[in-house]
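Take a look at the structure set out below.
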2 protein chains.
Amino acid sequence: MDDQAIPLDAETKAVEMPEDHREELRLWLRLLTCTTLIEGEVRSRLRERFDVTLPRFDLMAQLDKVPEGMTLSDLSKRMMVSNGNLTGLVDRLVASGHIVRTASPTDRRASVIRLTETGRAEFRAMAAEHEHWIAELFGDLTEKDRSELMHLLGKTKLSARRAIQGEGQ
Amino acid sequence: MDDQAIPLDAETKAVEMPEDHREELRLWLRLLTCTTLIEGEVRSRLRERFDVTLPRFDLMAQLDKVPEGMTLSDLSKRMMVSNGNLTGLVDRLVASGHIVRTASPTDRRASVIRLTETGRAEFRAMAAEHEHWIAELFGDLTEKDRSELMHLLGKTKLSARRAIQGEGQ
DNA sequence: GGAATTTATTTTAAGCTTAAAATAACTGGC
DNA sequence: GCCAGTTATTTTAAGCTTAAAATAAATTCC
């Protein structure tokens, strides 16, 4: 058999030792914990303070950024949720008077969603408090911490996108 | 009125100018995006590759760490989900033969949940692949990136916990 | 211009998730 | 030993979420 002593180069990893990735796993679990913690707290405060659900708040946040409104497909991509999910969410927000659906003038398949004046006013009041909550939740991080974290999460986002895109090839 | 000119110290922020926290908000949104991206991909691969849902995988992951099993309350805390949620999840995993419920010998209110041999074997096969997926998703981060991110997320976790605990006072 | 494909949305079925209320059992103080 | 308060779990109602199939309209390619 080919088991003569390897002269040099014991460091080349051509032998393919089964590397473990526990470190990456711990990193992922910690990322998930942070998000779950913060998301849960925000959800709870939105409910207590404004009697609104987090998905509704998120949807309104997207619409507030684009006064002319957008289609369900646009919303779906921005919010990273399924199309079917949006149908019901939009229906409920229309029923509560926060948004309106109008037929797209250029595409008879699509509808365009916009905030109503009431919806916008209510959203902005909520968003102002929401921003303080977030600042408080991240309050123990220094300016430098935040900027480094922002940068590292930017890298993470790109890395994940690359890994997700790449598989489809 | 007490509006005589302030002599020095124009930098003391006693005037309470309405500071904005857009930076923290962007940080939170980026954190959320990273988690959503990765979670969605893991969910999708678990379904395609093993026909299992993410919550079931997560539950089994907790149980795999503690061979003697644990109560629903323990699981609830570790997974950071509501108690009511677990009742149904556990029922489905019992029905599929992955876990068993046994009465707690010391507390007649509680039941103890454990992986079955089948459940453990299936979980470990899934976990091995899962670990590779995570490594791939974080693949563009250097060793240093990962260690810094781990550290900053540790700070974030503590900060959020402090903010959440503190409110209840 | 018509067929094939893509895109926008809805529907369906199943499962997940929460909050809140209800049950039941445990624990501590008297 | 009993009462009050706490803890473990389940139930309920409502809403969220996904994947997959269905529908309908737009686009692309001969």
Checking side-chain contact (heavy atoms from CB on, under 4.5 Å) between Met150(B) and each of Leu27(A), Leu31(A), Leu152(A), which is the one that passes? Leu27(A)

Can you work out whether Met80(A) or Thr106(A) has the more 5'-proximal nearest nucleotide on DNA chain D? Met80(A)

Write down the distance between CG (Leu72(A)) and P (dT23(D)), rounded to a whole number of angstrom. 20 Å

Side-chain atoms of Val81(A) come closest, of dG15(D), dT18(D), dA8(D), to dT18(D)

Considering every strand and a 4.0 Å limit on heavy-atom distances, what is the contact class for Ser82(B): base, sugar-phosphate, or nothing? base

Phe50(A)/Phe57(A) aromatic ring centres below 6.0 Å: no

Measure the spacing between CG of Leu89(A) and OG of Ser76(A) and express it to the nearest 0.5 Å. 11.5 Å

Distance below 4.0 Å between Arg108(A) side-chain N/O and dA26(D) OP1 or OP2: yes

Counting heavy atoms from C-beta on, name the nucleotide in dC16(D), dT7(D), dT10(D) closest to the side chain of Asn85(A). dC16(D)

Against the side chain of Arg56(A), the closest entry in dC16(D), dA8(D), dT18(C) is dC16(D)

If only side-chain N and O atoms of Ser73(B) are considered, is one of them under 4.0 Å from the OP1 or OP2 phosphate oxygen of dT9(D)? yes

Any base atoms under 4.0 Å from Thr53(A), or only sugar-phosphate, or nothing? Heavy atoms, all strands. sugar-phosphate

Select from Val112(A) and Arg43(A) the residue whose nearest nucleotide in DNA chain C is closer to the 5' end of that strand. Val112(A)

For Phe57(A) and dT18(C), what is the distance between atoms CZ and C1' respectively, to the nearest whole Å? 19 Å

Testing dT10(D), dT17(C), dA26(D) for proximity to the side chain of Pro55(B), the answer is dT17(C)

From dC16(C), dA19(D), dA8(C), pick the nucleotide closest to the side chain of Arg47(B)? dA19(D)

For the pair Arg49(B) and Glu129(B), find out whether any cationic side-chain nitrogen is under 4.0 Å from an anionic carboxylate oxygen. yes

Just checking Ser111(A): base, sugar-phosphate only, or nothing, at a heavy-atom cut-off of under 4.0 Å? sugar-phosphate

Identified side-chain contact (heavy atoms from CB on, under 4.5 Å) counterpart of Arg45(B) within the set Arg43(B), Arg47(B), Glu41(B): Glu41(B)

Spacing of Leu46(B) atom CG relative to dG15(C) atom P, expressed in whole Å: 17 Å

Specify the residue among Leu89(A) and Asp107(A) whose closest nucleotide of DNA chain D lies further upstream toward the 5′ end. Leu89(A)

Which of dT9(C), dT7(D), dT18(D) is nearest the side chain of Arg109(B)? It is dT7(D)

Choose from dC16(C), dT10(D), dT9(C) the nucleotide whose nearest atom is closest to any side-chain atom of Thr71(A). dT9(C)

Nearest-Å distance for atom pair CG/P, residues Leu86(A) and dT17(D): 9 Å

To the nearest angstrom, how far is Lys77(B) atom NZ from dT7(D) atom P? 9 Å

What is the distance, rounded to the nearest whole Å, between atom CD1 of Ile113(A) and atom C1' of dT9(C)? 11 Å

Mind calculating the distance between CG (Asp91(A)) and P (dC16(D)) to the nearest angstrom? 11 Å

Would one find a side-chain N or O of Arg101(A) under 4.0 angstrom from OP1 or OP2 of dT10(C)? yes

Here the distance between atom P of dT17(C) and atom CG of Asn83(B), to the nearest Å, is 14 Å

Among His98(B), Met79(B), Arg92(B), side-chain contact (heavy atoms from CB on, under 4.5 Å) partner for Leu59(B): Met79(B)

